[in-house]
Amino acid sequence: MQLIVTEDYREMSQKAAQIVADQIRNKPDAVIGFATGSTPLGLYAELIGMYDRGELDFSRITTFNLDEYVGLSREHPQSYYRFMWENLFSKINVQNERIHFPPGIFTDAEAVCSRYEEEIAEAGGIDLQILGIGTNGHIGFNEPDETYTLATHVVELAEETIEANARFFHDKAEVPRRAITMGVKSIMNARSILLLANGKSKAEAVSHICTGVVDPKVPASILQLHPHVTLLVDREAARLIEMKGEAAWSHSR
Ligand code: GLP
């Protein structure tokens, strides 16, 4: 695992954009896993800037998003589809037919979950998965639990997640109680992973990724078992990290 600690959110976003841009330049038809939430917004703004300046071409990439709220259509103002469309996809030259999301509205959960995994496999797997992290250590919507759920699945959201995400809705009662998310297997199958975190509220969750202990109660801790993870965090999110455990570290500023 490589740990990069930046001075602030801006530097984190710029370094993240560099990593994503390198991936796309090395492999123009790369498969990129995208994440929602406020954390990657700075990264997405940087990528849009690169596209506007003619520095990066997204025309051949394929995208898979991590998750979607159950019950929200693509058009819903708070759907993750709409979030990605407004904050990135409508502003770069990604091809519409290469954009993939788990659906928010469906009748047969099992069928749509296994179809999503098939689509990832048919695309050749994910080259670079971008992740944020919940204050409770969730990745995608893999919530703390007694065991890990490997496959794409429908999940009951934790109260802490509903509270944290209520800021995007008019009121907390509007936040969907369930979501559909890639499981940890799809995430861990990505050839490389870039996890972003900023701010004090993420410090505790981030510190758990660096202890050497894998615990499904802090879902992101499984990333320690992946051979190519970059943990790109600002100074505030890094403040509780203790360098211990068996994780192989290369630490840069
Ligand atoms: C949501 C998403 C996650 C995201 C997390 C953190 O619940 N499902 O993918 O990482 O929130 O969000 P934020 O970046 O807004 O703190």
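Just so you know, ligand 1 is whichever comes first in the structure, and atom 1 is the first atom listed for that ligand. Nothing here was measured: the structure is a model prediction, and the numbers come from that model.
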List the closest protein heavy-atom neighbour of atom 16 (O) of ligand 1: residue, atom name, distance to the nearest 0.1 Å. K202 NZ, 2.6 Å
Tell me whether S38 has any N or O atom under 3.5 angstrom from an N or O of ligand 1. yes
Can you check side chain to side chain donor-acceptor pair (under 3.5 Å) on E143 and N136, steps first, answer last? CA-CA 8 Å; E143 294 284 29; N136 62 5; 3.1 Å; yes
Below 4.0 Å from any atom of ligand 1, is there a heavy atom belonging to A35? no
Distance from atom 11 (O) of ligand 1 to nearest protein heavy atom, with residue and atom: H138 NE2, 3.7 Å
Which heavy atom of the protein is the closest neighbour of atom 8 (N) of ligand 1, given with residue, atom name and distance? D67 OD2, 2.8 Å
Quick one: look up the protein heavy atom nearest atom 9 (O) of ligand 1 and list residue, atom name and how far away it is. G140 O, 3.7 Å
Quick check: do L56 and R25 have side-chain heavy atoms less than 4.5 Å from each other? yes
protein heavy-atom neighbour closest to atom 6 (C) of ligand 1 works out as I133 O, 3.5 Å
For ligand 1, which part of R167 has a heavy atom less than 4.0 Å away: the side chain, the backbone, both, or neither? side chain
Is the gap between the ring centers of Y116 and F64 under 6.0 Å? yes
Under 6.0 Å between ring centres, would you say that holds for F141 and Y69? yes
Side chains of N198 and E236 only: does a donor on one sit below 3.5 Å from an acceptor on the other? no
Without swapping roles, check the side chain of T6 against the backbone of D8 for a donor-acceptor pair under 3.5 Å. yes
Worked check of side chain to side chain donor-acceptor pair (under 3.5 Å) between T62 and H100: CA-CA 8 Å; T62 295; H100 301 85; 5.9 Å; no
Those atoms of ligand 1 less than 4.0 Å from some heavy atom in T39: 13 (P), 14 (O), 16 (O)
Give the residue and atom name of whichever protein heavy atom lies nearest to atom 4 (C) of ligand 1, and the separation in Å to one decimal. T36 O, 3.9 Å
With heavy atoms and a 4.0 Å threshold, my read on which part of I139 contacts ligand 1 is neither
Ion pair check, E122 and R115, cut-off under 4.0 Å: yes
Distance under 4.0 Å to a non-hydrogen atom of G132: what atoms of ligand 1 satisfy this? 10 (O)
Ligand 1 versus Y80: contacting region, heavy-atom distance under 4.0 Å: side chain
closest protein heavy atom to atom 12 (O) of ligand 1 is G37 CA, 3.9 Å
Examine F34 together with Y44 and report whether their ring centres are nearer than 6.0 Å. yes
